[in-house]
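The first residue of the sequence shown is numbered 1, and numbering continues consecutively from there. All values derive from a computational prediction rather than experimental measurement. Both ligands and their constituent atoms are indexed starting at 1 by order of listing.
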Amino acid sequence: MKELLEKILSETYDLRKEGKVASYIPELAKADSDKMGICIVNADGECFAGDYGERFTMQSVVKPVILLLALMDRGMDAVRSLVGVEATGKPFDAFNYSDQALKEDHINPMINTGAIALCTLIEGENYNEKFDRLLNLARKMADNPELSLDENVYLSEKATGNKNRALAYMLKAYGMIEDDVESVVDCYFKACSIKVDSVDLAKIAYVLSNKGVNTKTGERLFSEDYARFVNAVLTTSGMYDGSGEFAINVGIPAKSGVGGGIMGVVPGKMGIGIYSPALDKKGNSVAGVKAMEALSRKLDLSIF
Ligand code: GLN
């Protein structure tokens, strides 16, 4: 397996040159586009190759974890009354939702607006506590108590994240959030700034592939229904407006982030974590998507 992973990395590595590291969050521009790592976790254990220990921030890969915690804390009905499940076909930070889409709550949880709205559903006395509970769930899923905030990325996004503030004010204007906008987006910025490596992502994905159970400890972290819900949403919308193409070429429920990470959930089989920070125009890792595709083809992982 290690040889296969190494081969896939060497075959897809050059594609990074076709992409660009995200720079709209200034701190992300410091990422080294020459780094690339991959890890898979399955019943046999972990297998990795390349720069699998290189750390990066989760960015949008945290969205399924936010969705899970909102489901765990408030249940399906509360979540469904705030967010929808239809793919938007728009960029992750788009503003151009119709009045109807907003009023009828068709805001997908895998794009910024939906994830920001869901932060309000997380239990906690205040937004620091909500974030701590989210970090704790990410730690449990990754089986890594060391996961922590990348302070520099967090402060960089907080200083420049006015588009997300604007999206949050739009939600407030439509009555979808009640709390103080700055506190809500602060929690979202922190969530995006949780630092992981490819192994952490693969482990988080593995819990989702195992219907909510951490197979190492046997602990059930969330219900099978929630895992099914999240995996289905990942299939239709996890790669933003590249999700349809990804479903055809790769066929694995997955989530990408502008930090360069992609996590793939192969139901009942494995979790995959890939890192390569040069992104395509939609914000997905160029080499990462191709590596995921190669892995899916070689191991026949497509769910379709
Ligand atoms: N923190 C990023 C943002 O909100 C996350 C977006 C992403 O990874 N696509 O802009």
Side-chain angles (χ1 to χ4, degrees), residues 19-31 33 55-67 83 87-95 97 107-120 127 131 134-135 138 149-171 177 181-196 198 200-201 204-205 233-234 236-243 246 254-264 273-286 288-289:
K20 274 205 186 105
V21 168
S23 56
Y24 74 98
I25 300 171
E27 196 64 22
L28 292 184
K30 295 184 180 166
S33 61
R55 301 214 286 164
F56 52 93
T57 50
M58 291 182 84
Q59 298 301 329
S60 280
V61 185
V62 80
K63 287 176 173 135
V65 187
I66 295 176
L67 173 58
V83 295
T88 65
K90 297 187 205 304
F92 61 82
D93 55 356
F95 277 107
Y97 296 102
I107 295 297
N108 188 291
M110 294 303 124
I111 55 165
N112 293 12
T113 20
I116 291 168
L118 283 178
C119 286
T120 66
Y127 277 84
F131 170 70
L134 181 75
L135 179 61
L149 187 69
D150 184 320
E151 196 74 24
N152 292 335
V153 173
Y154 158 59
L155 292 175
S156 180
E157 184 161 1
K158 194 178 168 73
T160 57
N162 291 324
K163 199 160 182 192
N164 284 320
R165 282 187 185 90
L167 291 172
Y169 275 110
M170 180 172 78
L171 292 172
I177 62 177
V181 162
E182 198 53 50
S183 309
V184 179
V185 292
D186 189 63
C187 178
Y188 171 76
F189 294 150
K190 281 185 182 161
C192 291
S193 305
I194 296 173
K195 216 167 14 177
V196 290
S198 307
D200 296 317
L201 285 194
I204 291 172
V233 176
L234 292 182
T236 60
S237 346
M239 304 297 286
Y240 321 117
D241 43 339
S243 299
F246 190 85
K255 186 75 205 81
S256 59
V258 293
I262 304 180
M263 82 169 189
I274 298 184
Y275 173 63
S276 169
L279 310 176
D280 64 19
K281 289 203 175 83
K282 295 183 171 176
N284 295 321
S285 165
V286 186
V289 167

Measure and list all N/O to N/O distances between ligand 1 and the protein that fall under 3.5 angstrom.
from     : atom 1 : to     : atom 2 : distance (Å)
ligand 1 : 1 (N)  : Gln59  : OE1    : 2.5
ligand 1 : 1 (N)  : Glu157 : OE1    : 2.9
ligand 1 : 1 (N)  : Glu157 : OE2    : 2.8
ligand 1 : 4 (O)  : Asn112 : ND2    : 3.0
ligand 1 : 4 (O)  : Glu157 : OE2    : 3.3
ligand 1 : 4 (O)  : Asn164 : ND2    : 2.9
ligand 1 : 4 (O)  : Tyr188 : OH     : 2.7
ligand 1 : 8 (O)  : Ser60  : N      : 3.0
ligand 1 : 8 (O)  : Ser60  : OG     : 2.8
ligand 1 : 8 (O)  : Tyr240 : OH     : 3.4
ligand 1 : 8 (O)  : Val258 : N      : 2.8
ligand 1 : 9 (N)  : Ser60  : OG     : 2.9
ligand 1 : 9 (N)  : Tyr240 : OH     : 2.6
ligand 1 : 10 (O) : Tyr24  : OH     : 2.6

message = Is there a side-chain contact between Asp186 and Tyr154 in this structure, where contact means two heavy atoms from C-beta onward sitting under 4.5 Å apart?
response = yes
task = For residues Gln59 and Val153, determine if any side-chain heavy atom of one lies less than 4.5 Å from a side-chain heavy atom of the other.
result = yes
remark   = Shortest non-hydrogen pair, Lys282 vs Asp241, comes out as NZ-O, 3.0 Å
Shortest non-hydrogen contact between Tyr127 and Cys187, atoms and distance = CD2-CB, 3.6 Å
remark   = The residue among Ile116, Ile66, Leu67 that forms side chain to side chain contact (heavy atoms under 4.5 Å, CB included) with Pro109 is Leu67
key: Residues that Glu182 engages under side chain to side chain donor-acceptor pair (under 3.5 Å), provided they are two or more places apart   = Arg165
